[in-house]
Trainee: 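Below: one structure in structure tokens.
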Number of protein chains: 2
Amino acid sequence: MFDDFLRKKALKVTRERTALFDEIFSTHRHFDAEDLVIRMRDRGTKVSRATIYRTLELLHGCGLVGRVRLNEEKYRYERLRKGEHHDHLVCSSCGKVIEFVDAAIEKRQEAVCKEYEFLATSHSHQISGVCSGCRKAAGKTPGRVPGAA
Amino acid sequence: MFDDFLRKKALKVTRERTALFDEIFSTHRHFDAEDLVIRMRDRGTKVSRATIYRTLELLHGCGLVGRVRLNEEKYRYERLRKGEHHDHLVCSSCGKVIEFVDAAIEKRQEAVCKEYEFLATSHSHQISGVCSGCRKAAGKTPGRVPGAA
DNA sequence: CTTATTGCAAACCGTTTGCAATGAG
DNA sequence: CTCATTGCAAACGGTTTGCAATAAG
């Protein structure tokens, strides 16, 4: 599908782009650019950081990959499936990201936009806190992840 | 009130901190660090960028000022009044920020957290799109603000 | 006096970009 | 062949920090 997008735009299907797409779509995980640098290295495919950023931009532009700032300095990416949408619970202790969907919230958002005559194009909704795992482990050296908020 | 916080922590009430607090609390506007640099200069009080950042950190830490990344590279700050909370509609054309509160959404969030046994400490909810002003002005060179997304 | 705070400039960190070399079509 | 793409390293933009000078308590 990325290929279709590229061809339609007369862009080139390169080894790097294909490899990145494959790697990203091989899991459902959320990731940041640096994770991808490492995953590509581990996988044995060398791709420069610049290309990673440029490709993520393309994937984001065509709607295949979502990009959000969860109140951090860096972007977080996730593969997207069309028509699907969800919000996030972010654990500030271990960095875990839980996805949730709530129809009532979505509906209320539409109402709010209508009220302000606001034409929404996207939204991001994140709840920060401590996940159940870390709450249980409280006191027993919670698993602080390197980059967690 | 900032003074109380400082004294309680055995920190010093300096000319710079007082001036920054006064300036920030003189309006309700949202602002970024750079706005503050300019507002302080205009006001005739010279304060270094470093001190601005350090003071914002303090104000944020004690809950007097909120800090969010509205999917941009920089932080956005806003004065907070205790017990008060709101979410944001951000116009990607003119940069305007509209605040909104919706009890139903807040309630649903609590339900979601309960479901995942997640202990929420904060949340940020932003809807991006085009405000009514820009929608009306559409076609007539919308007022793109320098830093708008 | 003592210790926190300030301003400066340099460091930082993630991301973006100019440019020459490379490779897809 | 031609033009997009790549990798590198340097640039960027906002934020943070080490340090010597300064000022609050």
Trainee: What is the distance, to the nearest angstrom, from the CZ atom on B:R49 to the P atom on C:dA9?
Mentor: 12 Å

Trainee: Report yes or no: is there a donor-acceptor pair, N or O only, under 3.5 Å between the side chain of B:R69 and the base of D:dG14?
Mentor: no

Trainee: Taking the side chain of B:S48 as heavy atoms from C-beta outward, which of D:dT16, C:dG7, C:dG14 is closest to it?
Mentor: C:dG7

Trainee: Let's see if you get this right: which residues in residues 9-44 of chain B place a heavy atom under 4.0 Å from DNA chain D?
Mentor: B:K12, B:V13, B:A33

Trainee: Linking I/L/V/M/F/W/Y whenever any side-chain heavy atoms sit under 4.5 Å apart, do B:Y75 and B:L36 land together?
Mentor: yes

Trainee: Output the rounded distance in Å from CD (A:E73) to C1' (D:dC12).
Mentor: 16 Å

Trainee: Under a plain distance cut-off of 3.5 Å, with no hydrogens placed, do B:E16 and B:T51 share a side-chain donor-acceptor pair?
Mentor: no

Trainee: Check this one for me: any side-chain N or O of B:Y53 less than 4.0 Å away from OP1 or OP2 of D:dT15?
Mentor: yes

Trainee: Figure out the OH/C1' separation between A:Y75 and D:dG14, and round it to whole Å.
Mentor: 12 Å

Trainee: Under a plain distance cut-off of 3.5 Å, with no hydrogens placed, do A:E99 and A:H30 share a side-chain donor-acceptor pair?
Mentor: yes

Trainee: Indicate the atoms forming the closest heavy-atom contact of B:V37 with B:R49, along with that distance.
Mentor: CG2-NH1, 3.8 Å

Trainee: Under 3.5 Å, side-chain donor or acceptor atoms of residues 6-15 of chain A against the rest of the protein: list the pairs with distances, not counting sequence neighbours.
Mentor:
from: A:T14; atom 1: OG1; to: A:R17; atom 2: N; distance (Å): 3.2

